[in-house]
Structures are given as C-alpha cells and as structure tokens.
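See structure below.
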Amino acid sequence: MTGIEGLLHARLSAAFASVAGAPTDPVLRRSRRADFQADGALALSRTLGRPPREVAAEVAAAADLADLSTVDTAGPGFLNLTVRGDVLGGLLADTAADVRLGVPRVADPRTVVVDYSGPNAAKEMHVGHLRSTILGDALARLLDHLGHRVVRQNHVGDWGTPFGMLIEHLLDVGGATAAHALSAGDLSGFYRAARAAFDTDPAFRERSRRRVVLLQSGDPATLRLWRVLVTGSQDYFRSVYALLGVRLTDDDLDGESRYDERLGDVVDELDRAGLLRESDGALCAFPAGFTGRDGTPLPLIVRKSDGGFGYAATDLATIRYRLGELAATRLLYVVGEPQRQHLAMVFATARDAGWLTDAASAEHVAFGSVLGADGRMLRTRAGDSVTLVALLTEAVRRAAELVPDGADSGALARAVGIGAVKYADLSAERGKDYVFDYDRMLAFTGDTAPYLQYARARILSIFRRAGLTEAAAVDTVLVTEPAERALALDLLAFPATLHEVADTALVHRLTRYLFRLAAAYTDFYESCPVLSAPEPTRGSRLVLCDLTARTLATGLDLLGIEAPDRM
Ligand code: ARG
C-alpha cells in the first residue's frame, strides 16, 4: 500500500496489534462517511469476545494519528478517518513536483512475460484478436512503467498442418496472386480458397499432407514458400498494430515455428520425468485434476499418433522456454476464455515437470467475447466474422464526424476513434462478454475515452487561456472545500490503483479510476472558481487542475490511448 492510505494503514495496524496482542488487519477502505473507514474492530471483537464499539474506541485511543487525521468511532464499531487538509496539501505538492506522479518503481522488479495478440499467419485478424492485443498491450505498458522487465511475446500461429494446404494453394495460384492477396489484406479469401480445395479435392488434400511432412523435415524449397506466406502476414500484422497504436514489433514475434526444434527435447524431458503415457497411438500427459464428463482422465496430447506435434506441445515448449531461458518469474497468457482448460493443463504439466515452481507464477489472463447488438458473436451482415481493420476504420470514420474540422482533424479522429474502441474494451470487466456499440463508445459523456480525452483537453485550455504552460510549483495545496478534498483523495489514489491493476491484471480498475477522477474534477471545477480566485487559492487550484490533467494523460497512455492536447 502506498500514499496516504499506506500511512494510515501502518498506523492503524500498530494500534490494532496493541489491542489484539497479534497482527490484525484494520480493513481500511475509502468511505462515503469520511475519507476512509476501518472496519477491523468488528472481526476483532468476535475474537476478543468484547463489544465492538468498545474495541473500536480502544483502538482509536491507541492510534497515533494526530499528525495525519482525526479518528472517530461510529455505527456498530467502525472507525471513521478524516485526513488533515495540510497533510493532503503537502502530499499533493510532492506529487505535483514528481514526474512519476508519486508512482515509484518497484524495489523488486520481476521478469514478466506478456503473451498477447497471437494472430494466425495467412489469416485475417478478426475481432477475436482485439481483446488480447489491447489488454496485453495495456498490461505490458503498465508493468513496464512500474519498473518490471517486460518481455512481450506474440505467439503467432505460423506453423503446423494448415501450412500444407496454404503452400499448395500458393503453388496453384502462383506467387504473384498470393503476394497480392497477402498485401491487399485479402487473407480470408486466400485461406478460404485453400480450405475449399482441401475439403473438396482429394488430390489436393494428399499433396497438402505431403507438404506438411516436407515442411517439418526442413525441405528448403518448402521453407521458402512458407516464408512467403509468413512474411506477407507479418507485413499485414504490422499495419494493424500501427493502426491500433500497439507496441508490438518484429522483435516480439514468438511464433509457433520458433519452437519446432525444441519439441523433441520437451517430449524427452517429460518422458524422463515419467509424465507421458500412450493413448490411441498418441503420447499424452495426464495432469491430475482434469477429467472428462465420465470421470476419465483428460489427455494433453504432446505427440500425435502420426508423429506430428500440435498446439499443446508448442505451449509446453513456450512455458519451458520462458521460465528456463528467459528466467521469467511471472507469465501472463492474455488468451480468450475458451482456452482456459488448455492453459490450465499446460500449467499443471509444467508444474509436474518441475519447470514451474513456487518461485514463479503462470496466469491465464482470460477474457470474454465481443458481441453484436443482438447479443451474439459480432458478425457482418453476410454472417462473416468482422475483421479488425473494418471495425477500426469504421470507428475512425465515425469519430471524424464528431471532432472539429482543422489541420489536425485526421489525427484527432484517429485518436478519438481508436481510443474509443480500446477504452470500451478495457473498461469491460475482462472475464465477461461485452456488446460492441459505436454510439456508446464514441459518446462525449459517460465512461468513454472521448469523455476522458475531452476532460484533459479542457484543462489544458484553461492554462492556454491564462497564458500559462504549466502550474507554478507550490509548497502546499490548499484543501478546504469538499470538492477539493474529494479530488485530492482521488489524485493521491493513483499509485495504489496502478499496483492493484498490476497485481490482478484487471485493467478495468484503471479505467474506473480515471472515470471517477474526471468526475471528481468536474465537480471541483463547477464549485471552485480557478482563474478568478484570489491568490494563493488560484495557484493552488491550478496545481489541482495540472495534476488532474497529468494523471489522466499518464493513465490513458498506460491504457495505450492517445490524449490529444486540443479537441
Ligand atoms: N494463435 C492462438 C489463437 O489464435 C493464440 C495464441 C495464444 N498464446 C499461446 N501461448 N497459446 O488461438
């Protein structure tokens, strides 16, 4: 815990410990009755067998808080704390003087792998890849900002059986046609045509099978054709990432193909550990606790009966590589809900193999689906899944109708349109599905990117009007009005919020925080005059404005959302 909440927590913990005779959680939280509320006396009274109000009063008397806050007992045994205005003012002045806004770098940085995006080569990116790409990028930015060593891994599907048919189709249509399909972004058309040939033409199917064998045996001519498909797809992914403003580069590519040469070792190691059994000709691991409906153990197929390797084997190789060679101590797999069981079985097998120990954590950062207005999977009118590019282009087109005309209206429309899509996604609780709705996400009021972007731009315009570039430094910020106090408490909660989001990988808690901050700022601005106030109130309030703008900008940046200076 950091900031004012951390200070209060430490002092209260000491008081609770002295009354309880043992470490006791004060159960401290923000409150509507006062600034903070501590409910720990309720549980403690049960342990001690004494009336809660009496315990609360004893803790209040024992608490050394006079230099920080008042403390009163209330209700059945709550402690209400109101922080001293001069304490808030001093902390705000310190925060304003800090480029990091009071967010320290962690003392014990971890190596964190963030596995995200993971589109499939020779296939269009569709709306299903949106959430992984956006959520993963936000988490990587945040962990980076907190001082962790972040390794971005884009586990693209660039290997395996589909490439047999894709290469044969490439040969059938000719390199020029294929290159055109790839660069024009008509990947779906290319894939669909290959699939159709595979499904209808037995000779094509046979050629495709032989091609897979050639690919996996490293035949140079086959590899050359494979590379045509893969580099074409990479060009396409790069263009989507640029449009999205996502920080994935070619250095982060960690495709399935990269693990091919390691799969033999993975099998050997699991086999030596006695973890593999043959089942229907396939080599499988049977991690404990995974059973089918009829109670039989579920297999994780490591080597298929035809000798080939699949998705599961490759993911066993990713986790072994990341824990071993990358020496990561935290692994985040930002992957959709449907792969829950797959990942859980991979993690369990990695634990059985001794790769994943208590020194590290592997977490499935799962997310739900993006739905259309009808509550079903988002589809085009023709029933196809919506491509990501189409979705983003439409958002920017609609944003262009909302932003003022001017020299930079193109960039502005992009910032608002892309920002709106990202924010709508990030602000939805990730475990749940959400409905994709342009009108709602592009609204300038409510919990949206345009609202937050506009709130910040409006603050900058106050400074422009006053002929200032920034707020002058102050020794302390005056916290007297209720709206100033509410805003102060929100501003000071920024560091704790970032740590909470990093620990839980629940990004919507950051959007919720920013929305609350913007609302607290609006209340403040409506009830407290700024430029017309006499000094020193004017200078002090300008610091509150400036801090709000900087906190919004930093928060949006961590979400991967641009904050335009003028709107
Ligand atoms: N390519 C996969 C898919 O489209 C996502 C990869 C996720 N990452 C992983 N290590 N399995 O479903």
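Start at 1 and go down the list; that is how both ligands and their atoms are numbered. Model, not experiment: these values are computed from the prediction.
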Handout entry: Under the salt bridge (Lys or Arg N to Asp or Glu O under 4.0 Å) test, residues paired with Arg509 that sit two or more places apart
Key =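 In terms of salt bridge (Lys or Arg N to Asp or Glu O under 4.0 Å), with neighbours along the sequence ignored, Arg509 is linked to Glu500.
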
Exercise for the section: Give a yes or no on whether the ring-centroid distance for Phe309 and Tyr259 is below 6.0 angstrom. Expected result: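 No, the ring of Phe309 stays outside the 6.0 Å limit from the ring of Tyr259, centre to centre.
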
Handout entry: Protein residues having a heavy atom less than 4.0 Å from any atom of ligand 1
Key =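 Under the 4.0 Å cut-off, ligand 1 touches Asp115, Gly118, Asn120, His129, His155, Tyr311, Asp315, Tyr333, Val335, Gln339.
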
Exercise for the section: Taking all non-hydrogen atoms of both residues into account, name the closest pair between Gly292 and Leu298 and its distance. Expected result: N-CG, 3.6 Å

Handout entry: Whether over 12 other heavy atoms sit under 6.0 Å from Arg238 CZ
Key =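 Correct, the count exceeds 12.
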
Problem - Contacts of Tyr191 that satisfy side chain to side chain donor-acceptor pair (under 3.5 Å) - sequence neighbours left out - result: none

Problem - Residue pairs fulfilling salt bridge (charged side-chain N to carboxylate O under 4.0 Å, His left out) with at least one residue in residues 148-174, sequence neighbours excluded - result: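 Output for this query lists Asp144-Arg152, Glu168-Arg207, Glu168-Arg211, Asp172-Arg207.
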
